[in-house]
2 protein chains.
Amino acid sequence: MIGPHSYSAAGLGVPQKPLDGMAGPLSLRLGAHVPLSGEDLAALAHLAVRESAVAAHADLVRQGEPADTAFLVLEGIAARYVQRASGARQILALLLPGDLCDPDLAHLECWDHGIATLSPCRIARVPRAVLEELIATRPAVALAFRRTKLEAEARSRAWLTALGILLATERLVRLFREIVDRMHAVGLAGRNEGPLPLTQVDMAECIGTSTVHVNRVLQDLRRSGVVELKGNWLRLSDRAGLDAPAGE
Amino acid sequence: MIGPHSYSAAGLGVPQKPLDGMAGPLSLRLGAHVPLSGEDLAALAHLAVRESAVAAHADLVRQGEPADTAFLVLEGIAARYVQRASGARQILALLLPGDLCDPDLAHLECWDHGIATLSPCRIARVPRAVLEELIATRPAVALAFRRTKLEAEARSRAWLTALGILLATERLVRLFREIVDRMHAVGLAGRNEGPLPLTQVDMAECIGTSTVHVNRVLQDLRRSGVVELKGNWLRLSDRAGLDAPAGE
DNA sequence: CGACTAATTGATGCTATTCAACCACCGTGG
DNA sequence: CCACGGTGGTTGAATAGCATCAATTAGTCG
């Protein structure tokens, strides 16, 4: 049986595509946009060499540090965030397995935002030079990076829209949908359920509300049967999509 | 004397750099990132050939249309926006003189957001093929596009952060600061004052509040002497920066 | 002048914040 | 084994921020 803390896709009815082991989710993501050759895939697998386990809620980089390393998420959930002097934190985007934090790193001088893990993660650190060389020598990969980034930008626009015009309840459902959908796309979640290793504080920082309010909204959602969330395992009822239809 | 509706920089104490006439603001923007040759500048000036005047609050493209044309703002203010079924609209980003709506157009199939003028504008329409050729043949220009886009992404992150954690008053001041700063950067505004050809509805759609609330916040700001806004001309007191210091 | 768009105002109630306290769970060390 | 601290979750009451509806007042332009 699937434990709530399990990240495995086994038993979810998800066809687990047997690709190369290391950079599995990465090549899955990139391959969705551009067909990649065996050499491309090999080069990508090479990215995950400098890999390490990182505890939950740990900073990978802080705002203002020089941008000399990119991060590739292999397992777990990380996030870009901005922290203000007041202590308030806003999460800008989620980094799920297969996400490379920024292929355009080469053009940055220093980070204007921080990156931190939310759940325990396995992270690969990609030196700037390695990334630059990869982009220079493998055009298909470079193109895939670009398209993947455009996808991230589209998500960012949707996120911004949600903050601007949706109520907290709708924003939270949106967040859940995004996570399940993206996890599903890399074979780590089912169509309507998956792991959700976020604390309510994390969720609050995603959707721009207080923790207390997240708690209350979440209970409403549970009571009305829209979501089931227990021990880091999330299940969305079919209605969840219908309740926030115009979310685009 | 400068009329409130004037877009001219004359009399503002802004050194109006005498560059090529047509794509002035564009080359100003791009040149700030990458040194451009005379040939580069000539190629850019060529972009502004298909130029036309567009009235305020007119759509340039609607969400879902095929992405076959890019837009270059020569005068006025335009915006990217998302509109929901309910009619609520969220503005994602402002397009000021010198902004090219999307250099990555080539990788898009259709727009996931709309673009509309806010004030009366002069707009150049750049066919996809022209843009692609420019990027392919002029590497310095391509690089400048990329860097300029990164700048826009940084602004987008700041915008999202503002929506998530700032109060309406702070968000509005931020919006004003952004407009004046960016206009200043292309020589169309002074350091602390400039044109603001937006309606209160536009502002509300930018900062994600109701129009009524924008009106009230604006009056508070006027009463407390932070801003002076009369007939499309905005002046920010020096205090404006201090009142929202941690805005980054 | 009339028609339109933009700005303004008041009254009312919902949405969400804040502060505070309390509970449940989990791993640690005595 | 239980006492302990820590983190994350839950709850209540008071209040602030903001939306909504509705109506009124400038401005602007043909």
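The structure displayed is predicted, hence computed values, not measured ones. Just so we're on the same page: letters track the sequence lines, and every chain starts at 1.
Phosphate proximity of D:dT7 to A:Gln200: absent, as no side-chain N or O sits under 4.0 Å from OP1 or OP2. For D:dT10, the OP1/OP2 oxygens have a side-chain nitrogen or oxygen of A:Asn215 closer than 4.0 Å.
Formation of a donor-acceptor pair under 3.5 Å by the B:Arg29 side chain with backbone atoms of B:Val186 is not found in this model. At least one donor-acceptor pair under 3.5 Å links the side chain of A:Gln90 to the backbone N or O of A:Glu205. Looking only at distances, no side-chain donor or acceptor of A:Thr211 sits under 3.5 Å from a matching main-chain atom of A:Ala204.
Reading DNA chain C from its 5' end, the first and the last nucleotide to sit under 4.0 Å from a heavy atom of chain B are C:dA6 to C:dA11.
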Protein heavy-atom contacts under 4.0 Å, written 5' to 3' over nucleotides 14-19 of chain D as B (base), S (sugar-phosphate only) or - (none), form the string ----SS
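For the salt bridge (Lys or Arg N to Asp or Glu O under 4.0 Å) test, no residue two or more places apart in sequence or in another chain qualifies with A:Arg125. Judged as a salt bridge (Lys or Arg N to Asp or Glu O under 4.0 Å), and not counting sequence neighbours, B:Glu65 has no contacts. Looking at residues two or more places apart in sequence or on another chain, you find a salt bridge (Lys or Arg N to Asp or Glu O under 4.0 Å) between A:Asp181 and A:Arg177, A:Arg191.
In this structure, CD1 in B:Ile77 is found 5.0 Å from CD1 in B:Ile179, a value given to the nearest 0.5 Å.
Between B:Val73 and B:Gly76, the shortest heavy-atom distance links the atoms CG1-O, 3.6 Å. In terms of heavy-atom proximity, B:Ala56 sits nearest to B:Leu118 at CB-O, 3.2 Å. A:Leu92 approaches A:Trp159 most closely through the heavy-atom pair O-CD2, 3.9 Å.
Salt bridge absent: A:Glu170 and A:Arg174 never bring a charged side-chain N and a carboxylate O closer than 4.0 Å.
Between A:Asp220 atom CG and D:dT11 atom P there is a gap of 11 Å when expressed in whole angstrom units. What separates NE2 of A:His57 from C1' of D:dG6 is a distance of 14 Å, to the nearest Å. Between A:Leu196 atom CG and D:dG9 atom C1' there is a gap of 14 Å when expressed in whole angstrom units. What separates CE of A:Met203 from C1' of D:dG9 is a distance of 11 Å, to the nearest Å.
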Under a 3.5 Å cutoff on both atom distances, Watson-Crick or G-U, what's the dot-bracket for DNA chain D ([ ] crossing, | other strand)?
-> |||.||||.|||||||||||||||||||||
